[in-house]
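Take a look at the structure below.
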Amino acid sequence: MKRAAQNRRAKGPMDGPPETTLGWWYLSGEHAPAIPVDDARALYWNKLGAEQGHPNAIVNLALMYATGLGVEQSYDKTASLLIGAVEVFGRAHMWVLEEEDDWATFSRAKVPEEYMELKGLYRKAIEAKRVFPEKKTEEKQS
């Protein structure tokens with residue numbers, strides 16, 4: 001997975017961006033002890049995924065700021081990151097709408113209610129993208 005993430009063209013075993021998948025695994029402890037909980041590594045890999053424009057990596061970073069895991073807890077930073085995730089969210093990411101909200105079931109730290117309200121607004125915004133998908137703009141050739 002680390003090699004796939006460093007290669008950047010590869011896909012991870014979850015068929016998603018390896019940076020984001022690895023960042024989530026370090027954050028959640030989902031594959032411990034093979035991949036232990038490590039907030040510094042979670043921050044590193046999720047930042048790489050966010051730089052690549054992966055909305056789930058951005059949401060993972062927002063979760064870190066919502067809970068204060070590995071970073072200073074910040075409502076403003078959480079909100080800003082979720083807005084950024086909405087902006088890059090597209091058709092390829094619609095599968096997220098079929099999954100259970102990982103913030104509600106996150107076991108390492110409870111997400112404060114006001115932060116969950118932000119996540120609810122994020123969900124409404126991406127659901128609106130399903131109802132009103134982005135339009136492709138065609139450039140006119142002269």
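- Using a 4.5 Å cut-off on side-chain heavy atoms (C-beta onward), Val71 and Leu61 make no contact.
- Within the 4.5 Å cutoff, the side chain of Thr67 has no heavy atoms near those of the Arg108 side chain.
- For the side chain to side chain contact (heavy atoms under 4.5 Å, CB included) with Thr78, the lone residue among Leu81, Leu82, Asp76 that qualifies is Leu82.
- Note on ring orientation: taking the six-membered ring where Trp is involved, the planes of Phe106 and Trp24 are tilted (angle from 30° to 60°).
- In this structure, the side chains of His54 and Val59 stay at 4.5 Å or more apart for every pair of heavy atoms.
- The neighbour count for Glu72 CD, taken as heavy atoms of other residues, nucleotides or ligands under 6.0 Å away, does not exceed 12.
- Shown here for Ala66 and Val111, the closest heavy-atom pair between the two residues is CB-CG1, 4.2 Å.
- Under 4.0 Å is where a charged nitrogen must lie from a carboxylate oxygen, and between Arg130 and Glu98 at least one such pair does.
- No donor-acceptor distance shorter than 3.5 angstrom exists from the side chain of Glu30 to the backbone of Trp25, with no hydrogens or angles considered.
- Two different hydrophobic clusters hold Leu63 and Leu121 under the rule that ILVMFWY side chains link at heavy-atom gaps under 4.5 Å.
- Residues Tyr122 and Val86 meet the side-chain proximity criterion, which asks for heavy atoms closer than 4.5 Å.
- Hydrophobic clustering keeps Trp103 apart from Ile83 (ILVMFWY residues linked when any side-chain heavy atoms are closer than 4.5 Å, directly or through intermediates).
- The minimum heavy-atom distance linking Gly29 with Val37 is given by the pair CA-CG2, 3.4 Å.
- Shortest non-hydrogen contact noted between Glu19 and Leu48 is CG-CB, 4.0 Å.
- With hydrogens and angles ignored, the 3.5 Å screen pairs no side-chain donor or acceptor of Arg41 with any backbone N or O of Gly23.
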Q.
Please determine whether side-chain contact (heavy atoms from CB on, under 4.5 Å) holds for the pair Leu22 and Ile35, giving the CA-CA distance in whole Å, both sets of side-chain angles, and the decisive distance to 0.1 Å.
A. CA-CA 9 Å; Leu22 195 54; Ile35 299 176; 4.0 Å; yes
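- Using a 4.5 Å heavy-atom threshold, the side chains of Glu100 and Thr105 count as touching.
- Minimum heavy-atom separation, Asn46 to Thr20: OD1-O, 3.8 Å.
- Taking each heavy atom of Ala50 and Ala57 in turn, the nearest pair found is N-CB, 3.4 Å.
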Q.
For a side-chain contact (heavy atoms from CB on, under 4.5 Å) check, start with the C-alpha distance between Asn60 and Trp45, then their side-chain angles and the critical distance, and finish with the verdict.
A. CA-CA 10 Å; Asn60 291 348; Trp45 288 111; over 6 Å; no
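- Judged purely by atom type and a 3.5 angstrom limit, Lys129 uses its side chain to pair as donor or acceptor with the backbone of Phe89.
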(Q) If you apply the rule side-chain contact (heavy atoms from CB on, under 4.5 Å), what do you find for Met64 with Leu43, and how did you get there? (A) CA-CA 8 Å; Met64 293 182 80; Leu43 185 64; 3.9 Å; yes
Q.
Could you walk me through whether Asp101 and Arg123 satisfy the salt bridge (Lys or Arg N to Asp or Glu O under 4.0 Å) test, starting with their C-alpha distance in whole Å, then the side-chain angles of each, then the deciding distance to 0.1 Å, before giving a yes or no?
A. CA-CA 9 Å; Asp101 183 356; Arg123 180 124 183 142; over 6 Å; no
Q: Evaluate side-chain contact (heavy atoms from CB on, under 4.5 Å) for Glu99 paired with Trp95, printing each intermediate quantity in order.
A: CA-CA 7 Å; Glu99 301 233 332; Trp95 60 269; 3.7 Å; yes
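- Once rounded to the nearest 0.5 Å, the distance linking CG of Asp102 with CG of Leu27 reads 9.0 Å.
- Taking the side chain as every heavy atom from C-beta outward, Ser80 and Tyr65 never approach each other to under 4.5 Å.
- Between the OG1 atom of Thr21 and the NE2 atom of His31 there is a distance of 8.5 Å, given to the nearest 0.5 Å.
- A heavy-atom distance below 4.5 Å is found between the side chains of Gln73 and Pro112.
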